[in-house]
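When reading the values below, keep in mind they use all heavy atoms of this one structure, side chains included, and skip hydrogens, waters and symmetry mates. Below, read A as the first sequence line, B as the second, and so on, with proteins coming before strands; counting in each chain starts at 1.
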Amino acid sequence: MESKNFFDDVYDVVRQIPVGRATSYGSIAKFLGSKLSARMVGWAMNACHGMPDVPAHRVVNRNGVLSGKHFFGSPTAMQELLEQEGIGVENDKIKNFKNVYWDPSAELL
DNA sequence: GTCCTGACTCTTC
DNA sequence: TGAAGAGCCAGGA
């Protein structure tokens, strides 16, 4: 656990994402120190499969596209999860992403 | 021990 | 304005 210091930080932020909201990889990376690459955040998500407390489906790319939907087992699993939380998803992209966007640097900090 | 890949983002041509 | 390339860190082979 502690060995994944960086991963744990990412999970901690993702875990605090309120229901009905979503954030981007870059925002999390920036919140962690802006020195971390957004790729690392995505990589952390890749290892979050054993973390049921980590809503990876709430983490999308800068355009609000469900880039990692394919990693959820089903290309629609991520979309359905978001819809269940009240987040509108269309064409694999979050509708009104600007409205559901959650900035950890502004909400947490 | 070294090389490649990876769920992204930013800068430059 | 649109597209392409480079950069970041960590894990796996």
Side-chain angles (χ1 to χ4, degrees):
Chain A
M1 289 255 190
E2 288 72 27
S3 304
K4 300 170 185 172
N5 198 334
F6 167 73
F7 287 69
D8 191 44
D9 281 344
V10 177
Y11 302 146
D12 188 48
V13 176
V14 177
R15 238 176 274 165
Q16 293 180 71
I17 300 176
V19 178
R21 298 289 177 183
T23 189
S24 63
Y25 301 95
S27 298
I28 297 172
K30 187 174 184 179
F31 175 73
L32 293 178
S34 53
K35 288 176 172 57
L36 301 170
S37 306
R39 277 187 175 180
M40 273 283 81
V41 179
W43 231 97
M45 299 287 97
N46 188 15
C48 84
H49 279 235
M51 308 257 179
D53 292 73
V54 182
H57 60 274
R58 289 183 196 157
V59 184
V60 295
N61 68 2
R62 201 65 162 114
N63 300 314
V65 180
L66 286 65
S67 315
K69 66 181 193 214
H70 185 76
F71 285 68
F72 275 72
S74 295
T76 54
M78 191 173 184
Q79 179 177 332
E80 290 186 21
L81 283 169
L82 291 170
E83 289 182 331
Q84 285 178 35
E85 295 185 352
I87 300 177
V89 180
E90 187 173 277
N91 196 19
D92 298 335
K93 287 187 289 188
I94 296 178
K95 295 189 294 185
N96 301 325
F97 181 55
K98 184 180 178 182
N99 189 31
V100 301
Y101 179 68
W102 181 78
D103 188 351
S105 302
E107 302 297 322
L108 291 178
L109 187 54

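- With sequence neighbours excluded, no residue satisfies side-chain hydrogen bond (donor to acceptor under 3.5 Å, both in side chains) with A:Asp103.
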Every protein N/O within reach of nucleotides 5-9 of chain C N/O, cut-off under 3.5 Å:
{"residue": "C:dG7", "atom": "O6", "partner": "A:Arg39", "partner atom": "NH1", "Å": "3.2"}
{"residue": "C:dG7", "atom": "O6", "partner": "A:Arg39", "partner atom": "NH2", "Å": "2.7"}
{"residue": "C:dC8", "atom": "O4'", "partner": "A:Ser37", "partner atom": "OG", "Å": "2.8"}
{"residue": "C:dC8", "atom": "N1", "partner": "A:Ser37", "partner atom": "OG", "Å": "3.1"}
{"residue": "C:dC8", "atom": "O2", "partner": "A:Ser37", "partner atom": "OG", "Å": "2.6"}

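- Nucleic acid contact for A:Asn61: sugar-phosphate only, since backbone atoms but no base atoms lie under 4.0 Å from a heavy atom of the residue.
- Applying the salt bridge (charged side-chain N to carboxylate O under 4.0 Å, His left out) test to every pair with at least one member in residues 41-53 of chain A, sequence neighbours left out, gives no pairs at all.
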Without placing hydrogens or testing angles, list every side-chain donor-acceptor pair under 3.5 Å for residues 94-102 of chain A, not counting sequence neighbours.
{"residue": "A:Tyr101", "atom": "OH", "partner": "A:Ser27", "partner atom": "OG", "Å": "2.3"}

Give me, pair by pair, the N or O atoms of the protein and of nucleotides 2-4 of chain C that are less than 3.5 Å apart, along with how far apart they are.
none

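- Here B:dA7 is the nucleotide among B:dT9, B:dA7, C:dG11 with the atom lying nearest to any side-chain atom of A:Met45.
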A:Thr23 vs A:Phe31, side-chain contact (heavy atoms from CB on, under 4.5 Å): CA-CA, chis, key distance, verdict: CA-CA 11 Å; A:Thr23 189; A:Phe31 175 73; over 6 Å; no

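- Using a 4.0 Å heavy-atom distance criterion, A:His49 is classed as a base contact.
- Comparing C:dA3 with B:dA7, their C1' atoms sit 22 Å apart, to the nearest whole Å.
- Not counting sequence neighbours, the partners of A:Gln16 by the side-chain hydrogen bond (donor to acceptor under 3.5 Å, both in side chains) test are A:Asp12.
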With a cut-off of 3.5 Å and sequence neighbours excluded, list every side-chain donor-acceptor pair involving residues 58-67 of chain A.
{"residue": "A:Arg58", "atom": "NE", "partner": "A:Glu85", "partner atom": "OE1", "Å": "2.8"}
{"residue": "A:Arg58", "atom": "NE", "partner": "A:Glu85", "partner atom": "OE2", "Å": "3.2"}
{"residue": "A:Arg58", "atom": "NH1", "partner": "A:Ile17", "partner atom": "O", "Å": "2.6"}
{"residue": "A:Arg58", "atom": "NH2", "partner": "A:Glu85", "partner atom": "OE2", "Å": "2.8"}
{"residue": "A:Asn61", "atom": "OD1", "partner": "A:Asn63", "partner atom": "N", "Å": "3.0"}
{"residue": "A:Asn61", "atom": "OD1", "partner": "A:Gly64", "partner atom": "N", "Å": "2.9"}
{"residue": "A:Asn61", "atom": "OD1", "partner": "A:Val65", "partner atom": "N", "Å": "2.6"}
{"residue": "A:Asn61", "atom": "ND2", "partner": "A:Ser67", "partner atom": "OG", "Å": "3.2"}
{"residue": "A:Ser67", "atom": "OG", "partner": "A:Val65", "partner atom": "O", "Å": "3.3"}

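- Looking at every heavy atom in both residues, A:Val13 comes nearest to A:Pro104 through CG1-CB, 3.7 Å.
- A:Lys69 places none of its side-chain heavy atoms less than 4.5 Å from the side chain of A:Thr76.
- Under a 4.5 Å side-chain heavy-atom criterion applied to ILVMFWY residues, the cluster that includes A:Val19 comprises that residue alone.
- Pairs engaging residues 33-82 of chain A under the ring-ring contact (aromatic ring centres under 6.0 Å, His included) rule: none recorded [sequence neighbours left out].
- Of the residues in residues 69-82 of chain A, those lying under 4.0 Å from DNA chain B by heavy-atom distance are A:Phe71, A:Phe72.
- Remark: A:Lys30 engages no residue in a side-chain hydrogen bond (donor to acceptor under 3.5 Å, both in side chains) (not counting sequence neighbours).
- For DNA chain B, the neighbouring residues in residues 16-30 of chain A, judged by any heavy atom under 4.0 Å, are A:Ser24, A:Tyr25, A:Gly26.
- For A:Phe7 against A:Ala47, the heavy-atom pair with the smallest separation is CE2-CB, 3.8 Å.
- In this structure the side chain of A:Val89 never reaches within 4.5 angstrom of the side chain of A:Met78, judged on heavy atoms.
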